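Heads up, the thing below is written out as C-alpha coordinates.
In this text the structure is predicted, and so the values were computed from the model without any measurement. Throughout, numbering of the chain's residues begins at 1 and tracks the sequence.
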Amino acid sequence: VLGVEEEDILFIKIDRISKLMREKKVTAYRICKQTNHLVSETSLLCLKENRTEVKNIKFITAQALLDWFDLYSDQYK
(Lines give C-alpha, C1' and ligand atoms only; values in the text may rest on other atoms or scores of the structure.)
Protein backbone atom coordinates (compact mmCIF):
# COMPACT_ATOMS: atom_id res chain seq x y z
CA VAL A 1 0.00 0.00 0.00
CA LEU A 2 1.31 3.44 -0.91
CA GLY A 3 1.83 6.07 1.75
CA VAL A 4 0.21 9.49 1.41
CA GLU A 5 3.38 11.17 0.13
CA GLU A 6 4.03 8.43 -2.43
CA GLU A 7 0.43 8.61 -3.61
CA ASP A 8 0.66 12.40 -3.93
CA ILE A 9 3.83 12.05 -6.01
CA LEU A 10 2.10 9.53 -8.25
CA PHE A 11 -0.84 11.87 -8.86
CA ILE A 12 1.43 14.89 -9.42
CA LYS A 13 3.65 13.11 -11.94
CA ILE A 14 0.75 11.67 -13.91
CA ASP A 15 -0.99 15.04 -13.86
CA ARG A 16 2.19 16.61 -15.28
CA ILE A 17 2.22 14.02 -18.06
CA SER A 18 -1.39 14.94 -18.89
CA LYS A 19 -0.42 18.60 -18.91
CA LEU A 20 2.52 17.96 -21.26
CA MET A 21 0.13 16.24 -23.67
CA ARG A 22 -2.49 19.01 -23.40
CA GLU A 23 0.23 21.59 -24.10
CA LYS A 24 1.27 19.49 -27.13
CA LYS A 25 4.82 19.10 -25.84
CA VAL A 26 4.59 15.31 -26.19
CA THR A 27 2.10 13.01 -27.87
CA ALA A 28 0.30 9.96 -26.56
CA TYR A 29 1.90 8.04 -29.42
CA ARG A 30 5.42 9.04 -28.27
CA ILE A 31 4.76 8.02 -24.66
CA CYS A 32 3.20 4.76 -25.83
CA LYS A 33 6.33 3.98 -27.88
CA GLN A 34 8.74 5.04 -25.13
CA THR A 35 6.98 2.79 -22.61
CA ASN A 36 7.19 -0.15 -25.04
CA HIS A 37 3.39 -0.06 -25.33
CA LEU A 38 2.86 -0.74 -21.60
CA VAL A 39 0.68 2.36 -21.71
CA SER A 40 -1.81 2.43 -24.56
CA GLU A 41 -2.51 5.53 -26.62
CA THR A 42 -6.17 5.17 -25.65
CA SER A 43 -5.34 5.27 -21.93
CA LEU A 44 -3.16 8.31 -22.46
CA LEU A 45 -5.81 10.14 -24.47
CA CYS A 46 -8.37 9.41 -21.74
CA LEU A 47 -5.99 10.88 -19.15
CA LYS A 48 -5.25 13.87 -21.36
CA GLU A 49 -8.93 14.60 -21.90
CA ASN A 50 -9.84 13.92 -18.24
CA ARG A 51 -12.10 11.02 -19.24
CA THR A 52 -10.50 8.80 -16.61
CA GLU A 53 -9.07 9.41 -13.17
CA VAL A 54 -5.59 8.43 -12.12
CA LYS A 55 -7.01 6.30 -9.31
CA ASN A 56 -8.79 4.16 -11.92
CA ILE A 57 -5.77 3.19 -14.02
CA LYS A 58 -4.06 -0.17 -13.67
CA PHE A 59 -0.98 -0.47 -11.48
CA ILE A 60 1.24 -1.54 -14.39
CA THR A 61 0.06 1.49 -16.37
CA ALA A 62 0.77 3.83 -13.47
CA GLN A 63 4.20 2.29 -12.94
CA ALA A 64 5.07 2.63 -16.63
CA LEU A 65 3.97 6.29 -16.57
CA LEU A 66 6.08 7.00 -13.49
CA ASP A 67 9.08 5.32 -15.12
CA TRP A 68 8.48 7.35 -18.30
CA PHE A 69 8.22 10.56 -16.27
CA ASP A 70 11.50 9.89 -14.49
CA LEU A 71 13.31 9.00 -17.72
CA TYR A 72 11.88 11.41 -20.28
CA SER A 73 9.85 14.29 -18.86
CA ASP A 74 12.80 16.71 -18.77
CA GLN A 75 13.06 16.42 -22.56
CA TYR A 76 9.55 17.84 -23.03
CA LYS A 77 9.40 20.81 -20.66
Side-chain angles (χ1 to χ4, degrees):
V1 177
L2 294 175
V4 174
E5 284 183 23
E6 292 169 323
E7 191 173 310
D8 289 345
I9 291 168
L10 172 112
F11 286 114
I12 289 166
K13 286 183 176 182
I14 294 177
D15 186 57
R16 287 184 182 163
I17 293 170
S18 296
K19 185 177 178 188
L20 287 171
M21 288 188 294
R22 283 192 302 275
E23 293 174 348
K24 300 183 180 186
K25 293 184 177 181
V26 66
T27 63
Y29 175 76
R30 169 69 56 199
I31 296 171
C32 178
K33 277 191 70 166
Q34 289 179 323
T35 62
N36 293 317
H37 301 274
L38 289 173
V39 183
S40 71
E41 279 187 80
T42 303
S43 294
L44 288 161
L45 292 172
C46 287
L47 281 171
K48 173 186 167 187
E49 297 166 3
N50 295 318
R51 289 188 281 146
T52 192
E53 294 182 40
V54 175
K55 67 181 182 180
N56 293 332
I57 63 175
K58 293 179 185 175
F59 178 80
I60 193 152
T61 301
Q63 186 62 54
L65 286 171
L66 293 176
D67 290 345
W68 180 90
F69 185 89
D70 292 341
L71 288 170
Y72 298 105
S73 66
D74 286 341
Q75 297 176 22
Y76 300 104
K77 288 185 176 175

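Distance alone, capped at 3.5 Å, is enough to place a donor-acceptor pair between the T35 side chain and the I31 backbone.
Rounding to the nearest 0.5 Å places CZ of R22 at 10.0 Å from CD of E49. The structure places CD1 of I17 at 12.5 Å from CD1 of I12, a figure rounded to the nearest 0.5 Å. Of the inter-residue distances, the one linking C32 atom SG with H37 atom NE2 reads 4.5 Å to the nearest 0.5 angstrom. Taking CG of L38 as the reference point, atom NZ of K58 lies at 11.0 Å (rounded to 0.5 Å). A distance of 10.0 Å separates CG of N36 from NZ of K33, quoted to the nearest 0.5 Å. Distance check, rounded to the nearest 0.5 Å: CZ of R30 to CE of M21 gives 14.0 Å.
The heavy-atom pair separating Y76 from L20 by the smallest distance is O-CD2, 3.3 Å. In plain terms, the two heavy atoms of F11 and K55 that are nearest each other are CE2-N, 3.8 Å.
Using a 4.5 Å cut-off between side-chain heavy atoms of Ile, Leu, Val, Met, Phe, Trp and Tyr, with links allowed through other members, L45 and W68 fall into different hydrophobic clusters. Under the 4.5 Å side-chain heavy-atom criterion for Ile, Leu, Val, Met, Phe, Trp and Tyr, L44 and Y72 are members of the same hydrophobic cluster. Linking Ile, Leu, Val, Met, Phe, Trp and Tyr whenever their side-chain heavy atoms come within less than 4.5 Å puts L10 and L65 in one cluster.
Between D70 and K13, the closest side-chain pair of non-hydrogen atoms falls below 4.5 Å. Between I14 and I57 the shortest side-chain heavy-atom distance falls below 4.5 Å. Looking at V54 and D15, their side chains never come closer than 4.5 Å, going by heavy atoms from C-beta outward.
Within a 6.0 Å radius of OH in Y29, other residues, nucleotides and ligands contribute 12 heavy atoms or fewer.
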